[in-house]
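Chain naming here is simple, since letters A, B, ... match the order of the sequence lines and numbering starts at 1 in each. The model shown is predicted, which means the values in this text are computed figures rather than measured ones.
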There are 2 protein chains.
Amino acid sequence: MGESRHGPRERMVFSAAQLIRRDGVAATGMREVAAHAGAPRGSLQHYFPGGKEQLVNEAVGWAGRYAGKRIARFLAGLEEPTPSGLFAAMVAQWTDEYTARGFAAGCPVAAATVDCASADGSTREAVAAAFTTWRAPLAEALTGMGVPAARAESLATLMISTLEGAILMSRAEQDAQPLTTAARELGPLLDAAVTPAG
Amino acid sequence: MGESRHGPRERMVFSAAQLIRRDGVAATGMREVAAHAGAPRGSLQHYFPGGKEQLVNEAVGWAGRYAGKRIARFLAGLEEPTPSGLFAAMVAQWTDEYTARGFAAGCPVAAATVDCASADGSTREAVAAAFTTWRAPLAEALTGMGVPAARAESLATLMISTLEGAILMSRAEQDAQPLTTAARELGPLLDAAVTPAG
DNA sequence: CGGCTACTATGACCGTGGTCATAATCGGCT
DNA sequence: AGCCGATTATGACCACGGTCATAGTAGCCG
């Protein structure tokens, strides 16, 4: 959607993220990325002289920024902002995709973590940074809802952990139930953390 | 530890699980598994005529049974069994490993899910089965503590989801905090589900 | 001893894929 | 037109790895 509006470089990063979250890092080929992006193969070494590692890192970074920006958009979509509502929206993004397009893909950051966390390249720092750029706006959103700052950090971490794990389990079982269960069970806990109601 | 007491076949399955949870499925080679297990290369096609797919599936199955059996052992290790105590023990297994041996490895079932969930081989069914053999005894343990059966299923799913996600995040950030946060934040929610206190 | 089964040994094949080298094109600018 | 940087094109190289083929060895049983 709207791929032609972006340059070929950005399209390749986007395609890399798509393929990585579906097949994993190791199983995603450079030629495959170029083909998926409709970009010429020769552009790979031109835009990514750092090779596959650079491309993967940028894909992970893109995913992290995307997730971070989504927080604000989810927040804007809630008529009455509550932690449980925000978490439900985060979960719904995945249940919607899974019911509409199947359980083909997971989170690209998770895939890169699994495939590259032990190989101490720059990719491990990239995934750490991605989680940070995801968690920071989430914690900020929680504080904006009345959650104490210290607690907000913990709950933001918990929300991302649970979401990532639920994505994983739902994909494995090809059933969105782990995702819906996470939203349902965690919601009250999150709402109970707002100060005026505590 | 005690590898020589098991046959070469079981050692290879065990080694496969070890390597998969560290490097991922695609990055783990058959020759590498044999070498890690101290087993002859020729035994691979003898014991695993189904090739890599069979070996990976058995490694995933082994991991699932291992996790399931751990539940009973954790339960036995608690002087006063509570859901939060059980979850804390599950988390502690990972924090102990990470503080003692570093953040090199994650969960093999998660790795197999990320790498093989879209390629619709038998591995996807293997990971689904692994999660089931993990969740069933966990849910049973919860009911034994006084959690209503319907709720126990949900909480077991939530516990595994959160644990898997926290493992992922901890590994990415090379910091056990997501794990400890998960145990701390989720504990009260779990204990509140026991009926006499509900 | 002969033979049979279980296991091990080893080399080769072949596809895949990341990377490099080299050249061609293209677009603007003077 | 002519130059130059940015981009694209294409083929080759090389390592890795899963798999197959073909033996060789070991141990037990009749």
Report task. Report yes if the side chains of Phe131(A) and Thr157(A) come closer than 4.5 Å at any heavy-atom pair, otherwise no. Result -> no

Report task. For each nucleotide in nucleotides 5-11 of chain C, reading 5' to 3', give B when a protein heavy atom comes within less than 4.0 Å of its base, S when such contact involves only the sugar-phosphate, and - otherwise. Result -> -SBBBBB

Query raised in the report: Is Arg171(A) paired with Glu164(B) through a side-chain N to carboxylate O contact shorter than 4.0 Å?
Result: no

Query - Where Leu75(A) and Ala141(A) come nearest, the two heavy atoms and their spacing - result: CD2-CB, 3.9 Å

Query raised in the report: Once the angle between the rings of Trp62(A) and Phe14(A) is folded into 0 to 90°, is it parallel (under 30°), tilted (30 to 60°) or perpendicular (over 60°)?
Result: perpendicular

Query raised in the report: Could you state the CE-C1' distance from Met30(A) to dT10(D), rounded to the nearest angstrom?
Result: 16 Å

Query raised in the report: Are a donor atom and an acceptor atom from the side chains of Gln54(B) and Glu58(B) found within less than 3.5 Å of each other?
Result: yes

Query raised in the report: Side chains of Val91(B) and Thr180(B): does their closest heavy-atom pair fall under 4.5 Å?
Result: no

Requested in this report: May I ask you to list the residues of residues 18-28 of chain A, by number, that have any heavy atom positioned under 4.0 Å from an atom of DNA chain D?
Outcome: none

Query - More than 12 heavy atoms from other groups under 6.0 Å of CD on Gln177(B) - result: no

Report summary line: Rounding to 0.5 Å, atoms CG (Leu142(A)) and CZ (Arg135(A)) come to a distance of 12.0 Å

Report task. Report the distance from atom CD of Gln54(A) to atom P of dG18(C), rounded to the nearest whole Å. Result -> 15 Å

Query raised in the report: Whole Å only: how far is the CD atom of Glu32(B) from the C1' atom of dC16(D)?
Result: 11 Å

Report summary line: Between CG of Asp115(B) and P of dG18(D) the distance, given in whole Å, is 13 Å

Requested in this report: Take atom CG of Leu44(A) and atom C1' of dT8(D), then tell me their distance rounded to the nearest Å.
Outcome: 11 Å

Query - d(CD, Glu53(B); C1', dG17(D)) in whole Å - result: 16 Å

Report task. Could you tell me the separation between the CE atom of Met12(B) and the P atom of dG18(D), rounded to a whole number of Å? Result -> 14 Å

